[in-house]
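What you are looking at is a predicted structure, and each value in this text was computed from that prediction instead of being measured. In what follows, chains carry the letters A, B, and so on, assigned in the order in which the sequence lines appear, proteins first and then strands, with residues in each chain numbered from 1.
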There are 2 protein chains.
Amino acid sequence: MTRAESGRVRFPAAERREQILAVAADAFAVAGFHGTSIAEVAAKVGVSQPGLLHHFPSKDALILALLQQRDLQDEQALAAEFAGVDASTREWLVAHCRRNETQPGLVRLFTVQSAESLDPAHPAHEFFRERNRRVRGHIVRLIERDQETGRLPASLDPADTAAELVSLMNGLQLQWLRDPSVDMCGIFETSMRRLEKR
Amino acid sequence: MTRAESGRVRFPAAERREQILAVAADAFAVAGFHGTSIAEVAAKVGVSQPGLLHHFPSKDALILALLQQRDLQDEQALAAEFAGVDASTREWLVAHCRRNETQPGLVRLFTVQSAESLDPAHPAHEFFRERNRRVRGHIVRLIERDQETGRLPASLDPADTAAELVSLMNGLQLQWLRDPSVDMCGIFETSMRRLEKR
DNA sequence: GTCTATAAATCGATAGAC
DNA sequence: GTCTATCGATTTATAGAC
C-alpha cells in the first residue's frame, strides 16, 4: 500500500464534506476534541489527512462547522414538527427529549463538547455560551406564555425555572448516556407535571 | 538554563505528591484529560516530567489517584459535618451543594471528567460508573427514609427521583460553571421543596 | 479533489546517572 | 527524589505534484 493508483474515489466537495462531518461527529462524541485526531477521522472516511484539511482548513474549523450544522439541523427539524402548533412548555420540551432518545450519538456529541467547551481555549467555547443563552431565552418565553394562559403557576420565576429545566435535561442526558436504562424522558415529564400543579 | 545545580529543591515524597495532585486537579479541570500533558503539570509544580512520573507511574495513574483522593476527601468532610444528624434528603443535598459552591475548581474537575469518562477507553470510565451507582443508591435510601417519616410523598418512585435529583444537580453545576450568576443551590432547593409538597 | 512528503512540535514513557 | 538524555510514536499543518 503506497502508490499504485492515487487520488482514487473522488467525490463532489459537498458530499465529501458530509462524509467527513458524519465520521467526525462520532469521533468527537466518543473521545472529545483533544482525544480525536483528524488523521483518525480522515482514515475512517477513506481519505488522507491533508485530503480532509482540503475541505476544512483546520481541526478547529471542523468541529465548529460540525456543531453549527448539527445544531441548526436539529433545531429546524423540531421547529418543522411544531409548525403552527400551540404547544405547552412541557409538550415542547418532552418532544425535544423524545427526539433526542432516537439519536444518542448527537446527544453524546453535545453533552461531551458542552463540558469540554467550558475551557475558554476550546474552539466552541463561545458557540456553547451563545447557544445556552439562546436556549434559556427561548424556554423563558415558553414559560411566560404558559403563565399567561394558566398552564403554569404565576408564582414560578421564569428565568430560574428555565435554568432548572435546561439543567435537568442536560443532567438526564448524561445519566442516560452512562446508563441507557434510565427513563430520561419519563423522568423529565414527571418533573414538568409537578411544575404544573399548583 | 541547563545544568549548574540539578536535582534542586527536594521534597518528601508525600508532600511532592500533594503538590502534583493540586496542580493536576486544576489542569485536568480546565483542559480535560487529553488536553493536559504531564509535562505541563510537571513544569507548574517545578519538577521535570520524569520527576513527576517518579511519583505516579503513568498519566492514567495520576488522574485516577487524583479523582479517588478528592472524592474520598469530599465525602468524608461532608459526612463529618453531618455526623449523628438526622438530615432530610433536601437538607443533605443542599448542604452538599453549598459546599460545592465554595470549591468551583473541584466541581469543574468532576463535571468535565464525568462527561469525558463516558468513553470506555477513558482511565476513569469505571470509576465514574461505580461512583454514580453509589451516589444514586445513597440518595435512594435517603428518599425511602423520608417517605417513611412522611417528609416526602410515598407516591414518589425512589429510583427515578434519585436519578432526577442527581441529574438536576449535575446539570446545575454545568450551568453554574458556565455562568456563575446562576443560583445553583437556590434553584436546587426550590426544586426539592416542590418535591416535598403534596 | 486528492495525494505524497515532510516540517515542526509535542506527546508519554524509559534508561541511567547522581 | 530528581535530573538529563533520548526513544518512538503521534500530532496539526504546509508545500507541491497530479
Quiz item: Of the candidate nucleotides C:dA13, C:dT4, D:dT12, which contains the atom at the shortest distance from the side chain of A:K59?
Solution: D:dT12
Practice problem: Would you mind telling me which of D:dT2, D:dT12, C:dT2 lies closest to the side-chain atoms of A:I38? | Solution: D:dT12
Quiz item: Whole-Å distance between C:dA13 P and B:H54 NE2?
Solution: 16 Å
Exercise. Assign the ring pair A:W92 / A:F82 to parallel, tilted or perpendicular, where the plane angle (0 to 90°) is split at 30° and 60°.
Key: tilted
Quiz item: Could you state the CD-C1' distance from B:Q49 to C:dC11, rounded to the nearest angstrom?
Solution: 8 Å
Quiz item: Starting at the 5' end of DNA chain D, which residue's closest nucleotide do you reach first, B:V47 or A:L53?
Solution: B:V47
Quiz item: Below 4.0 angstrom from OP1 or OP2 of C:dC11, is there any side-chain N or O of B:S37?
Solution: yes
Quiz item: What nucleic acid atoms does A:S48 come within less than 4.0 Å of, heavy atoms only: base, sugar-phosphate, or nothing?
Solution: base
Quiz prompt | Rounded distance (Å) that lies between atom P of D:dT12 and atom CD1 of A:I63 | solution = 12 Å
Quiz item: If you check the B:R10 side chain, which of C:dT2, D:dG1, C:dG1 turns out closest?
Solution: D:dG1
Practice problem: Provide, to the nearest angstrom, the distance between the NE2 atom belonging to B:H34 and the C1' atom belonging to D:dT11. | Solution: 14 Å
Exercise. To the nearest Å, give me how far apart CZ (A:F56) and P (D:dA13) are.
Key: 14 Å
Quiz item: Looking at B:G186 and B:R98, what are the two nearest heavy atoms and their distance?
Solution: N-NH2, 4.1 Å
Quiz item: Within the distance-only criterion (no hydrogens, no angle test), does the side chain of B:R108 pair as donor or acceptor with the backbone N or O of B:A29 below 3.5 angstrom?
Solution: yes
Self-check item: Rounded interatomic separation in angstrom, taking CZ from A:F11 and P from C:dT2
Solution: 8 Å
Quiz item: For the residue pair B:L21 and B:R70, what are the closest heavy atoms and their distance?
Solution: O-NH2, 3.8 Å
Practice problem: Report the distance from atom CD of B:E40 to atom P of C:dC11, rounded to the nearest whole Å. | Solution: 8 Å
Quiz item: How long is the line joining CD1 of B:I20 and C1' of D:dT2, in whole Å?
Solution: 11 Å
Exercise. Evaluate the ring planes of B:F110 and B:F127, with Trp represented by its six-membered ring, and classify them as parallel (under 30°), tilted (30 to 60°) or perpendicular (over 60°).
Key: tilted
